[in-house]
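Remarks on the structure that follows.
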Amino acid sequence: MARSKIFGSFAAAVADIPDGSTIAFAGFAYPGVPFNLIRALLDQGAKGLTCITNGTGGAGADRMPDIGMLVEAGQVAKVVAAFTAPTRASDRIPLTRYVDEGKIEAELVPQGTLAERLRAAGAGIPAFYTPTAVGTELAAGRETRVFGGREYLLEHAMPVDVAFLRAWKADSFGNLLFRRSQRNFNPIMAMAARLVIVEVEEDFLQPGEIDPDEVHTPGIFVQRMVKIPPAPEGLWPARRAERGAKA
Amino acid sequence: MARSKIFGSFAAAVADIPDGSTIAFAGFAYPGVPFNLIRALLDQGAKGLTCITNGTGGAGADRMPDIGMLVEAGQVAKVVAAFTAPTRASDRIPLTRYVDEGKIEAELVPQGTLAERLRAAGAGIPAFYTPTAVGTELAAGRETRVFGGREYLLEHAMPVDVAFLRAWKADSFGNLLFRRSQRNFNPIMAMAARLVIVEVEEDFLQPGEIDPDEVHTPGIFVQRMVKIPPAPEGLWPARRAERGAKA
Amino acid sequence: MSGSNGLARQQIADRVAQEFQDGWIVNLGVGMPTMCSNTPIDTDIIYHSENGVIGYGPVLPAGQEDLHLVNAGGQNVSLKPGAAVVHHADSFAIIRSGRIDVTVLGIYEAACNGDFANWKVAGAKGGGIGGAMDLAACAKNVFVILEHTTRDGKPRLLKECALPVTARGRVSLVATNLGLFKPLGDRFLLREIAPGVTVDQIRAATGAPIEVPADLKTIQTL
Amino acid sequence: MSGSNGLARQQIADRVAQEFQDGWIVNLGVGMPTMCSNTPIDTDIIYHSENGVIGYGPVLPAGQEDLHLVNAGGQNVSLKPGAAVVHHADSFAIIRSGRIDVTVLGIYEAACNGDFANWKVAGAKGGGIGGAMDLAACAKNVFVILEHTTRDGKPRLLKECALPVTARGRVSLVATNLGLFKPLGDRFLLREIAPGVTVDQIRAATGAPIEVPADLKTIQTL
């Protein structure tokens, strides 16, 4: 009776995302990055976006669709990330220039705090205390509190409008499996979002084909899914050698 | 090179638990309750215990070892639970008399707050805010704070010295699998504790036999495990009909 | 008091279950609320229980129980295809983040200001909260079920709760053996009345004003 | 400055890896720290990476990479038997709750008061923190690795950090190409010196006092 969660195209799955949305992008390095959904969002053109992500990417010759491209396309108003500048002064990422010119706001958040703020949003916890960043520039002027003789920083939940995920397997109800380090931010971003859109690597399974004990993200968190077509139509990360061959 | 985590008996696994320990007992109804470890603790006799548990049990003719028995044995100083009295006035649980007589302190905690306080302890979060219990007797005189126009209650992490778990399968490194609703408090109590002792239903597996993606509690959280022998030596919950037959 | 005793327990649960909408995630408390899952309704409901089970189905017959699987009431339920299990912290993350469309709770008292009480009896030192406070504070809809009066005939629907409350102002539907009520602040709206029961009977058995709509409907029993 | 340039990068990592104790859970930062896992040591180490991998093993050769699996440095590693994967919030729960025995971080500056800096270069508006602040604040031991001086010869071991710090007072071991140091508040203790390097050379290259023990040992390279 319920409407199908399976969409026929990435374009259809992201069509109604409005300007000004806050979108969380899963992934850590290549695994778990929703490359196909990012490309669809580039085509869709929503503007004034707030992008929550570990990093914005943009380095490397064999670049896949990334937040840096959304930045370069003028779609981004703000980035919240654990990396808002490269770690080596000699590296460049697209975001830097926009931040330096004041065109984009960048909020730098320690990776664990980023994860916990997303988790808090998905857990109905409005705020919590963490030891991370105490005594640093990031804590300057902010509220801290001592528990058991140690100083902690107050952090707020980070709810998001939309989460873009990439999963290994899914059943048609939306139960998701992630493989190896593909899991990373995916489950917690799913919990933090009102609308969860997933690109799925394997063919959809029937409900009941995934053991309930093995589900990583329950289907109640998932609204839309798209099967990733084979390359070159679908985007798949390649081995280093293959990437070299393409470049 | 590391010392084996597999112990030969429940008695050996609980032998050195000192008086005054704070112990978390997993389980919700029958599934996931460490019956064998509770019985071993009754035999071991540690006193002045603080017991963290969803409920203390003690009802029913076919009673299995429960926190109520530790209470009756005079081993308990304090209980922290989501049920410190029966929900029907006509029911009786062993704890009630001891609390009424002032012999045992009882801290009543909403079940979700109990779970989140344990999770916070295991996540290095000293305190957090929750909407639960605001405006009730449990919040009387306590610190609240408004976020986004809604009032929330400050709650503190609940670290524990020892956690007693019951798992379905385990490998010798301590990676645990729970089956169905056996999972309940087990994983978060494992994360909240310094010493985690597990009774395991199936024969131990070799490291590598559990898919890393399917692990519910990683072995780094587990210090001691004991295989549950077949009944009657080991304690196993029975079907209702079998329980009736026994009684 | 004259008139019918109104609905049987399963009939109250049946009426509540008919409020569930297609696709809802439903959490049923122990006791009468559990009976809602017996009601034959043609909506697609996902049952969630506090211990982390999402998508459970009917109770299994004796001898066929899965001893690793219970719902919040400790009943050995089955799983529907597409079910998933999470741990207790994730289960209450689902609750606190507002993803439960409705919780149905068995209670002691309901007030027309939307308060209710279900965790502590008069004079007790302790109480039994379970997950009720989390559910009551955070579910999108809070429905409560109770016998309209105590065994000795005293009203349980009140202007203000006498017992310690579970949550304030959260109840949107009160179902009793006598009728279906909506708290409106200073009074209850009588949405539907049980067959054979009179409005006077309800007024006499209630500790708060009752508003009766001109087109008062009678509860259709299944 | 005269004397040897001291240790090669892998040699610095080798010396740090010899500090790991049996059964330790070790988190290696990007860059030189990653090289610690190349060191042949006969202790049982569990490698944890921020993205939720517990128990990873050597980097897989080109062509054999598992594209679903990387460590914190984005390298396609393997898994050891007994490995487990968790999501990002659980991974940092492990970090914040103090279960990482040691984190080894590549840094810009270390101070003898135990502060260090590794996330923001001078003049930059943003920075790259990754998981370093969580690890630095919460790991049981914080070891840092860096070249003893900048490319133009300025000291990186200082009395106080000039760059914004990552955490305060948490460093217990500083490893450079010139030696192994322990911050002692107002000075560094020179625990071991690199072969061919002189104490005078270290003093000239360091922006903080150096305490030299009477029985100064030379680092044994593998």
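For clarity, every value in this text was computed on a predicted model and none was experimentally measured. Below, read A as the first sequence line, B as the second, and so on, with proteins coming before strands; counting in each chain starts at 1.
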* Structure fact -> Residues passing the salt bridge (Lys or Arg N to Asp or Glu O under 4.0 Å) test with B:Glu151, sequence neighbours excluded, are none
Heavy-atom proximity to chain B below 4.5 Å, by part of [X]:
X: C:Thr166; result: backbone
X: C:Asn71; result: backbone
X: C:Ala124; result: neither
X: C:Leu135; result: neither
X: C:Ile95; result: neither
X: C:Val165; result: both

Which region of [X], side chain (C-beta onward) or backbone (N, CA, C, O), has a non-hydrogen atom less than 4.5 Å from a non-hydrogen atom of chain C, or is it both or neither?
X: B:Ala106; value: neither
X: B:Pro187; value: side chain
X: B:Glu116; value: side chain
X: B:Glu201; value: side chain
X: B:Thr113; value: both

As an exercise, state the distance from [atom1] of [X] to [atom2] of [Y], rounded to the nearest 0.5 Å.
X: C:His68; Y: B:Arg166; atom1: NE2; atom2: CZ; value: 7.0 Å
X: B:Arg119; Y: C:Phe92; atom1: CZ; atom2: CZ; value: 15.5 Å
X: C:Ser91; Y: B:Arg183; atom1: OG; atom2: CZ; value: 11.0 Å

* Between chain C and each of B:Gln111, B:Gln182, B:Glu107, count heavy-atom pairs under 4.5 Å; write down the option with the most. => B:Gln111
* Asked: For the candidates B:Asn186, B:Leu138, B:Asn54, which exhibits the highest count of non-hydrogen atom pairs separated by less than 4.5 Å from chain C?
  -> B:Leu138
For residues 182-190 of chain C, tabulate all N or O donor-acceptor pairs below 3.5 Å that involve a side-chain atom, not counting sequence neighbours.
unit_1   : atom_1 : unit_2   : atom_2 : d
C:Arg187 : NE     : C:Glu211 : OE1    : 2.4
C:Arg187 : NH2    : C:Glu211 : OE1    : 2.8

* Minimum side-chain heavy-atom gap C:Trp119-B:Leu108 below 4.5 Å -> yes
* Asked: Taking the six-membered ring for Trp, are B:Phe185 and C:His88 parallel (under 30°), tilted (30 to 60°) or perpendicular (over 60°)?
  -> parallel
